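Each remark here refers to the structure printed beneath this line.
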Protein chains: 2
Amino acid sequence: MTSETSKRSPKKEAKSRTSTKEKIFNVSIDLFSQRGFNGVSIREIARDVGIRESSIYNHYRSKDAIMNSIFQYFKGELIKMRPPEARNREDMGQITPEVFRRRAHSTLNLFNDPKMEKIFRIISNEQFRDERAKEIVLDYLIREPYSFSKKVIEIMISNGKIDKVDPKVKAMEFQYPIYSLFLENLLLRSNNSDTSLNEKLIEDHLDHFVNSLKKE
Amino acid sequence: MTSETSKRSPKKEAKSRTSTKEKIFNVSIDLFSQRGFNGVSIREIARDVGIRESSIYNHYRSKDAIMNSIFQYFKGELIKMRPPEARNREDMGQITPEVFRRRAHSTLNLFNDPKMEKIFRIISNEQFRDERAKEIVLDYLIREPYSFSKKVIEIMISNGKIDKVDPKVKAMEFQYPIYSLFLENLLLRSNNSDTSLNEKLIEDHLDHFVNSLKKE
DNA sequence: GTCTATAACAGGATAGAC
DNA sequence: GTCTATCCTGTTATAGAC
């Protein structure tokens, strides 16, 4: 009933090459990031994958369902990269100011992955009209990193590791510039413009902030 | 607005309060900010204005030309609100750290205008795929305010008004958080969410920065 | 799982009457 | 300046053969 060459069970498929569903997923990321959700048709996706439009519907219920899986993937990757300290209350005890530099670098690193970079573009482009995109920007890219920074600062103060500062303001002064610097970085990259000044600013910011926390 | 077909007869123009062209302009801002450029059809714009689609083409050459006039309007408003110090080298002499607070407030104030707020949303939504939008974000919203801040800091240092700091880093620490705080503010507003924490953070940032510049 | 075929309709833009 | 009528292409999605 099954011939190994022409038919494969979905479970064994991961072994050899990318499944059609994965191809649809990847092609959609490419196209959505280039022309926006509304600027891309199911036909284009199908053409780039190499199948007919109607076949798409065997894998995703609708164009919007593809978008949804892209958002889910992005959130999953962000959660996976959260530092252990963000989840493990006990680890907070041994924390040093260097944790800020480390987390910033791993975030920047995550977006060196072309897939994540493209999804960030999609999210930026949809942030004011798609509730899912808005939630990602607000909760995953702004508030959670801010809250984490604030908590770390509070703990370092109560541990006597750093001098007394206002955790609300200090956390903001660390975290908020990073989003803008990062957006600038991705805009420049999408332009093939030089990012060296921007990257210097990022490193200067990290240095300056970590130093400002060191006890006198 | 733009140099689109501006051949209106002077007699008829005095009659109606808002010309058809202005109506098209305003309706387009509403619709584009809600559903994005690609999500809006010429037909919808025409319907909301109260004319037929084909009549649009008497005022704008194409849908894209409407978008262009929106971008031009936005840039014009931003240039108009630049502080005199940003254009007049002589005024730089009498400058005090309060100039940072003033400029931030007038920028925030400019975006209390619903029209400007909506256009900001449009620009955010197009920033990675429309070169005009990208230019506005990079040049008008990030780099120009940064350069202005840097220049002001340099001048205040050479005047002895403030202690010696690195103008590059200091200007970044002032300007970059403002963009993120501001984006957060507009995302929250579009959500009908509470913005009081965000606004408190903005004021704290301005206070903290202006104080950090005061000479000891 | 993919194909062909097609339903059912929306898209931007134009021509020409008034 | 606005209208009606129309062009032609593109759109999401479904039905049923293989």
Side-chain angles (χ1 to χ4, degrees), chain A residues 1-28 31-32 34-70 126 129-130, chain B residues 1-28 31-32 34-70 126 129-130:
Chain A
M1 158 180 173
T2 23
S3 98
E4 214 67 37
T5 42
S6 61
K7 281 192 169 189
R8 267 180 300 216
S9 76
K11 284 171 189 171
K12 291 188 176 178
E13 210 161 8
K15 192 174 169 184
S16 45
R17 49 176 190 181
T18 45
S19 69
T20 302
K21 185 164 188 174
E22 281 175 296
K23 279 187 203 155
I24 296 169
F25 183 77
N26 291 327
V27 163
S28 298
L31 294 177
F32 289 160
Q34 283 164 26
R35 290 198 293 289
F37 182 75
N38 281 321
V40 174
S41 67
I42 290 272
R43 275 174 206 185
E44 282 177 290
I45 298 171
R47 184 170 40 76
D48 281 18
V49 170
I51 55 174
R52 300 290 174 221
E53 315 136 56
S54 53
S55 303
I56 299 269
Y57 295 94
N58 282 311
H59 303 280
Y60 290 96
R61 191 190 284 122
S62 65
K63 194 181 156 191
D64 192 75
I66 302 176
M67 192 67 148
N68 206 52
S69 74
I70 292 173
E126 305 294 330
R129 57 171 175 269
D130 188 305
Chain B
M1 253 171 255
T2 42
S3 50
E4 290 301 315
T5 46
S6 323
K7 44 183 177 183
R8 281 172 296 196
S9 77
K11 313 149 206 168
K12 285 192 176 177
E13 197 180 11
K15 232 181 191 174
S16 58
R17 295 196 324 278
T18 41
S19 69
T20 302
K21 185 165 186 173
E22 281 174 298
K23 280 187 203 156
I24 296 170
F25 182 78
N26 291 326
V27 164
S28 298
L31 294 178
F32 290 160
Q34 284 163 29
R35 290 198 294 289
F37 181 75
N38 281 320
V40 175
S41 66
I42 290 272
R43 277 172 205 185
E44 282 177 289
I45 297 171
R47 182 169 41 76
D48 281 17
V49 169
I51 55 174
R52 299 290 173 215
E53 309 128 62
S54 53
S55 303
I56 300 268
Y57 295 94
N58 282 311
H59 304 281
Y60 292 96
R61 191 190 288 117
S62 66
K63 195 180 155 193
D64 191 76
I66 302 177
M67 191 67 148
N68 206 53
S69 74
I70 292 173
E126 306 293 331
R129 57 170 174 269
D130 189 304

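As the structure is a prediction and not an experimental result, all values here were calculated from the model. Protein chains get the first letters and strands the later ones, always in sequence-line order, with residue 1 at the start of each.
Following rounding to the nearest Å, B:Arg61 (CZ) and C:dT14 (P) show an atom-to-atom distance of 10 Å. In this structure, B:Phe37 atom CZ and C:dG11 atom P are separated by 13 Å, rounded to whole Å. In this entry the distance linking CD of B:Glu53 with C1' of D:dA5 reads 11 Å, nearest Å. Between the C1' atom of C:dT4 and the OH atom of A:Tyr57 lies a distance of 16 Å, rounded to the nearest Å. If you measure from atom NZ of A:Lys63 to atom C1' of D:dT14, you get 18 Å, rounded to the nearest angstrom. Between A:Ile45 atom CD1 and D:dT12 atom C1' there is a gap of 11 Å when expressed in whole angstrom units. In this structure, CZ of A:Arg47 is placed 18 Å from C1' of C:dC3, rounded to the nearest angstrom. A:Met67 places its CE atom 13 Å from the P atom of D:dT12, with the value rounded to the nearest Å.
Proximity note for B:Arg43 (side chain, C-beta onward) versus D:dG1, C:dG11, C:dT14: the nearest is C:dG11. For B:Ser55, whose side chain is taken as the heavy atoms from C-beta onward, the closest listed nucleotide among C:dG1, D:dC3, C:dT14 is D:dC3. Of the candidates C:dG1, C:dT4, D:dA13, C:dT4 carries the atom nearest the A:Arg52 side chain, counting heavy atoms from C-beta on. Checking D:dT12, D:dT4, C:dG12 against every side-chain atom of A:Ile42, the shortest atom distance belongs to D:dT12. Picking from C:dG12, C:dT4, D:dT12 the nucleotide with the shortest atom distance to the side chain of B:Ser41 gives C:dG12.
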task: Take B:Tyr57 and B:Ile42 through the test side-chain contact (heavy atoms from CB on, under 4.5 Å) and record every step on the way to the result.
output: CA-CA 10 Å; B:Tyr57 295 94; B:Ile42 290 272; 3.9 Å; yes
- prompt: Can A:Phe32 and A:Ile45 be said to form a side-chain contact (heavy atoms from CB on, under 4.5 Å), step by step?
  reply: CA-CA 10 Å; A:Phe32 289 160; A:Ile45 298 171; 4.2 Å; yes
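Residue A:Ser54 places a side-chain atom within donor-acceptor reach of the base of C:dT4, judged by atom type and a 3.5 Å distance cut-off alone.
Among the atoms of the strands shown, only primed sugar atoms or phosphate atoms (P, OP1, OP2) are found under 4.0 Å from some heavy atom of B:Val40.
Heavy-atom minimum distance, B:His59 versus B:Ser55: CD2-O, 3.4 Å. Across all non-hydrogen atoms, the minimal contact from B:Arg35 to A:Asn38 is O-ND2, 3.6 Å.
For the pair A:Thr18/A:Phe25, no side-chain contact is recorded, criterion being any heavy-atom separation below 4.5 Å from C-beta on.
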